[in-house]
Every structure is written in C-alpha cells, then in structure tokens.
Amino acid sequence: REIKDKDLEESLWDLEIALLESDVAVSVSEEIIENVKKELVGTKRKWRQDIGALVEQALRNGILQVLDVNGLDFDEIIKNTPKPITIVFTGINGTGKTTTIAKVAYRLKNQGYSVVLAAGDTYRAGALEQIERHAERLGVKLVKHQQGADPAAVIYDAVQYARAKHKDVVLADTAGRIHTNVNLMNQLKKIERVIDADLVVFVDEALAGNDAVERALQFNTAMAIDGSILTKVDADSKGGTAISIAHTTSKPILFLGIGQNYEDIVKFDPQWLLTRLFD
Amino acid sequence: NLGSSLRDTLKKLARANRIDEKTLNEVVKDIQRALLSADVNVALVQQLSKRIKERALKEELSGKLNPRQHVINIVYQELVALLGEPITVPLTRHTVILVGLQGSGKTTTTVKLARFFQKKGLKAAVICADTFRPGAYDQLSQLCERIDVAFYGESENTNAVEITAHGIAELKRHDVILVDTAGRHALESDLVLEMKAINDIANADQRFLVLDSGIGQQASEQARAFNAAIGLTGVIVTKLDGTAKGGGALSAVAEVGTGIAFIGTGETIDDFEKFEPDRFISRLLG
Ligand SMILES: Nc1nc2c(ncn2[C@@H]2O[C@H](COP(=O)(O)OP(=O)(O)OP(=O)(O)O)[C@@H](O)[C@H]2O)c(=O)[nH]1
Ligand SMILES: Nc1nc2c(ncn2[C@@H]2O[C@H](COP(=O)(O)OP(=O)(O)OP(=O)(O)O)[C@@H](O)[C@H]2O)c(=O)[nH]1
Ligand SMILES: [Mg+2]
Ligand SMILES: [Mg+2]
C-alpha cells in the first residue's frame, strides 16, 4: 500500500522533536524532515512494515547525506599537501579555538610532523600567555608579535618561518570575534587575502543552539570554510550542532573536541552521531 | 512589543473578532517555532504552548482587546513570568563567585562586575581561582590592571581552594570580593566538587552562573546541576552583541527559579548592562 502524508505525521513529528532536543537548528531539522517526507510519500510499503522504522531509516540516511559532505580526510590532506601547510582557525569568542590548536598540534606531532604555531590573537588579554604556555608544553615553535599587532602579519611571518626552517604545518590562531562586528569580519577577509591558507577551519561548540547556523553562514562569507571542528561534546551534548554546521557550510566536520586536555580530540564519525541521536 | 516575525503570525488572528480553535492552533504552532528557534527548551516550549492555548480559549476577551492583542498579551505574560524579576545586587560588603561552562565569559564578566561596583563607589577586589587554564592568571590580572582594581592570585599554586582562602584573608579591607573560577560542566564531577569547596571557603553571598546567550538545549540541565551544587542567586547572560536569541538563558532561569542580573554586550569592560526583561523578550521573539 502507498504511504500517505498523514501516515508519516506522527513519526516525523517525534523525530523532529528528537533532532531539536539534540541541538539541531529548527531550520535545518525542518529541511531534513521535509526531504524524508518527499522521499517516502507515494512509495510502497509492505503490509505490517512498521512506518516508524521506515521513517527512522530514511531520516538516518538523510542525516548521513548532510554529514558525508565532500569527504575530506584531514590526515590525507596533511599527507598529500605540499609543505608547509597553513591552517587558519576561526570562530566566535570562547568556542575553544586556542585549545583546539594545541590539540591538533599534539596530534600532528605524534604523527611525526613538525608544527609551528602563529599567535594570531593579538587582541585579547592573556591570549599571548595562553598560547605561549601551550607552545612550551608541546615543545613547538610559536611565532608572535607584540599585542595589538596585525594578525595577518603574524601569520605571514609564521609561514615564512615554516618555509625557511622546513616545518610541515602552521597552525594559525585568530581572536574570537562576533559576526555582527563588521571590522573584525573584514579583518578575517584581509587574512584570507594576505595568507594563502590551505585549510580554513571553523571552530564552534556543541553547546551552541540555533545561532550556530548564523555563525557558520557569516564566517563562511568572511573566510570560506573548508571544514569545522565541534568542541565541548563532552558536556553531554548530543552533537546535533554538527548537523547544523555541516548543512550550512556543506563542508565536513573534521574533529570533535571531547575535553580540555591535548588527547581530547577525535576524528568525526557520522555513525557516532547517529547513535547519539537515535539510540 | 513582540518581534516582527511573530507579529506577522498573529495577523492571522487580526481580523477575527473571536478566537476559533483552528486558527489558534496554527498561531500556537508559529509561536512554538519562534520559541524553538530562539533556543527555548523543547519541553518548556511544549508546556508554554499548552498554557497559551488554554488561556487564549478560556480567558474572556475584555471588550477592548482583539484576539490578536489577547494572544500577544498572553505570550508576553507567560515569558515574563518565566524570566522572573531582574536580580539586583546589594551595594553592601559581600563576596561574589562566578561559575559556568567553559568559555562562557566568566573572566571577562568578573572584571565588568568589579567595574560596576567600582562606579558605585565600592572598593572591589578580584581573586583568580582558575588554576587550570593556561594564561588565566595573566588574563585576569591584565584586565584588573586596566580598571585599577585589586587582584589576588598565585600563579604557581594549583590549589584553587587554598588560593581563595588566602585571597579572602588578604582582601579584608575591600567591600566586594569577586572570585573568578575555572570553566566546568555538569559531568566533570571532580570540578563540581572543587566549585563547591571554593564556594564554601569564600562563603559567597552572590553566586552567579555566567551563561553564553548562544547556548542551546543543554542550558536547563547545566543550570540545574550548577544550582544543585552551590545554589545560584542569579544568572549573567553574555555575548548578546551577537545574534543569539537567548532562549537558553530563559530556560535556565525558569528551571532554577532564579533571575537574570546583568548582560554582557561585548568584549570591553564597559559592555555591561543591567538586565531588562522587555528588551530581552522582544529580542527573543524577533
Ligand atoms: N570541556 C571542554 N572544554 C573545552 C573544549 N575545548 C575547549 N575547552 C575549554 O573552553 C575554554 C575556552 O577555550 P579557548 O581555547 O580559550 O577558546 P577560544 O575560542 O580560543 O577563545 P577566544 O580566543 O577568547 O575566542 C577553555 O576553558 C578550554 O579549556 C572541549 O572540547 N571540552
Ligand atoms: N563579543 C563578546 N565577547 C565576550 C563577551 N563576554 C566575554 N567575551 C569573550 O568571550 C571569550 C571568553 O571569555 P572568558 O572571559 O575568557 O570566558 P571564561 O568563561 O572565563 O572562559 P574559561 O575560564 O576558559 O571557562 C573571550 O574572547 C572574551 O573576550 C561578550 O559579552 N561579548
Ligand atoms: Mg583563543
Ligand atoms: Mg576564565
């Protein structure tokens, strides 16, 4: 028998609630659910086939489609891109950029790569001391200028240093900024012009709700995002923000931050998220 | 003064001179969508919708309100009730502790609050009880230096409780002592214990949860946990210079039964305002 609209209503609503409770943005949830509906309405189902199970399976596939974008493998990129590779980290205030850079540096070092950090946050109180401490603990070179310096200049210097000393990867930190601040978003555009970054990584937190969509949109406009990292997943969040960001940027989630220590970073696995959402 | 998108929704009721259930259902669905998009807790939205619908149907339209006005008033009243009264801080000798999730803006807010007291003529002092985050001591001491407010910290000491005890003893001649703590979340049980210990030793009179305005569905649960640990006396909502609607903060105060004292509206020390419910609600529904 053919599946009709109203057969799906209850299951779809339940699943939409599940998405919303997991921090998937309203606009994104609605779009995913709408696609599931389009896919199922008019199709045939066998007698006794549970509509709820059919809908959930279609939803899982729908979400996988959102998450499996442009299959970027971070490790492959690092391996195959000519050195030095420059990676710039962007995002709003407090999402975990600086800590994430330290984690990525730790991971790369353990994989045998040489890493240089660029102290691109030349603005916030204690920013230099924070990244200095990380560089010291990790045993990596930090390129820095005085407070108030032009971030593009610091990052540029770090890349020159990496080239001269044959270092593999430059991880460039930037100051947190709110996307409503035109000057600061223009500053990112300038960094994009001056620095030919191999990867631009957007860092946002799993705790964020609907605003993750607006942030991803604005940051993507200022400095085209190649991939994102979702932090603070360990704060019991279901991780739905990953779906909002992947959907908005059409770019993959590269890693998840799962704690405050250097080892607390894992490659993003879409199946993990599906388990969190549905099991 | 509801946001423009909700005002359009409510136009559906504009021409009616009585509320019919079918239109009301449509309107409530739109209200739900607005609240959910604003990050209000899902369960809370469901409770609110139920109440709004019941009230809209059973409350008699007093002669002068049309159905649209009637529903607007109900939504507004329900949200105001959830927010509670704005929290006002005493201008007497007391100790304040600031707690919250990682990166929410505690350190920056501590100095903003110190400045608030300083402007009121009180002698404020700040204690750095974050022994975990690299550069925490430098960040806080640099900010304090900018407004010439006393700062106490021990950069080599990893015992936050000890530092707090020393600080309290040292800062006897100050009116308001503010204790900045490290970020933590409900599942980090050792950190929750640390927070309790710091609060006990500080004997804090005001215990503020500093919450990022962009927080989603985790807000209620995290606020509940912080409240269970040290008993919150208020919430400070940060980063409202962004585009987040703040429904998480609303959910948090509704869950805990406290109110909002201040809001942070930028990175500089002056980006700090007393909380105003009307402005918050119209932003939430915008
Ligand atoms: N629990 C948890 N905390 C994290 C995670 N990532 C970062 N943090 C914490 O979040 C806080 C902010 O981290 P930062 O690295 O300073 O964030 P940022 O984005 O560089 O901040 P700004 O430069 O000020 O914009 C710190 O207390 C970190 O330890 C994570 O995955 N889990
Ligand atoms: N735009 C904006 N940024 C803010 C606001 N409040 C704090 N910040 C910024 O948010 C980031 C995090 O602030 P912190 O004060 O370091 O946050 P924290 O809660 O002390 O962080 P942890 O100690 O690591 O948990 C910094 O970049 C601050 O400048 C605000 O109201 N608006
Ligand atoms: Mg930083
Ligand atoms: Mg802090």
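Numbered from 1 within each chain, the chains take letters A, B, ... in sequence-line order.
When side chains are defined from C-beta on, E136(A) does not count as touching P134(B), because their heavy atoms never get closer than 4.5 Å. A heavy-atom distance below 4.5 Å is found between the side chains of R124(A) and E267(B). Residues L101(B) and L207(A) have side chains in contact (heavy-atom distance under 4.5 Å, counting atoms from C-beta outward).
Residue L187(B) touches chain A through its side chain alone, counting heavy-atom pairs closer than 4.5 Å. With a 4.5 Å cut-off on non-hydrogen atoms, N261(A) touches chain B through its side chain but not through its backbone. Only the side chain of E30(A) has a heavy atom closer than 4.5 Å to any heavy atom of chain B. Contacts between L191(B) and chain A at a heavy-atom distance below 4.5 Å involve the side chain alone, from C-beta outward. Both the backbone and the side chain of E21(A) come within less than 4.5 Å of a heavy atom in chain B. Within the 4.5 angstrom heavy-atom criterion, no atom of N181(A) approaches chain B. Within the 4.5 angstrom heavy-atom criterion, no atom of A25(A) approaches chain B. Within the 4.5 angstrom heavy-atom criterion, no atom of Q218(A) approaches chain B.
For N25(B), the side chain to side chain donor-acceptor pair (under 3.5 Å) test picks out K53(B), with sequence neighbours left out.
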Evaluate the criterion side-chain contact (heavy atoms from CB on, under 4.5 Å) for residue pair Q217(B) and K238(A); output intermediate values, then yes/no. CA-CA 9 Å; Q217(B) 294 295 316; K238(A) 297 272 184 68; over 6 Å; no
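Atom CG of N41(B) and atom CG of L20(A) lie 11.0 Å apart (nearest 0.5 Å). In this structure, the separation between CD1 on I215(B) and CG on D211(A) is 12.5 Å, given to the nearest 0.5 Å. Interatomic distance, CD of Q102(B) versus CD of Q260(A), reported as 4.0 Å (0.5 Å rounding). Rounded to the nearest 0.5 Å, atoms OG (S237(A)) and CD (Q222(B)) are 9.5 Å apart. Atoms OG and CD, on S141(B) and E129(A) in that order, are 8.0 Å from each other to the nearest 0.5 Å. Rounding to the nearest 0.5 angstrom, the gap separating the CZ atom in R133(B) from the CD atom in Q130(A) is 4.0 Å.
The most heavy-atom pairs under 4.5 Å with chain B, out of V26(A), I17(A), V213(A), come from V26(A). Interface remark: of the candidates A127(A), S22(A), A208(A), A208(A) forms the most heavy-atom pairs closer than 4.5 Å to chain B. Comparing L128(A), D234(A), T99(A) by heavy-atom pairs within less than 4.5 Å of chain B, the highest count is held by D234(A). The residue among H179(A), R133(A), R177(A) with the most heavy atom pairs within less than 4.5 Å of chain B is H179(A).
The contact list for residues 239-248 of chain B toward chain A, using heavy atoms and a distance under 4.5 Å, reads K239(B), D241(B), G242(B), T243(B), A244(B) by residue number.
H185(B) and D236(A) share no donor-acceptor pair across their side chains, judged by distance under 3.5 Å alone.
In terms of modelled atom types and a separation under 3.5 Å, the side chain of Q142(B) and the main chain of G126(A) share a donor-acceptor contact.
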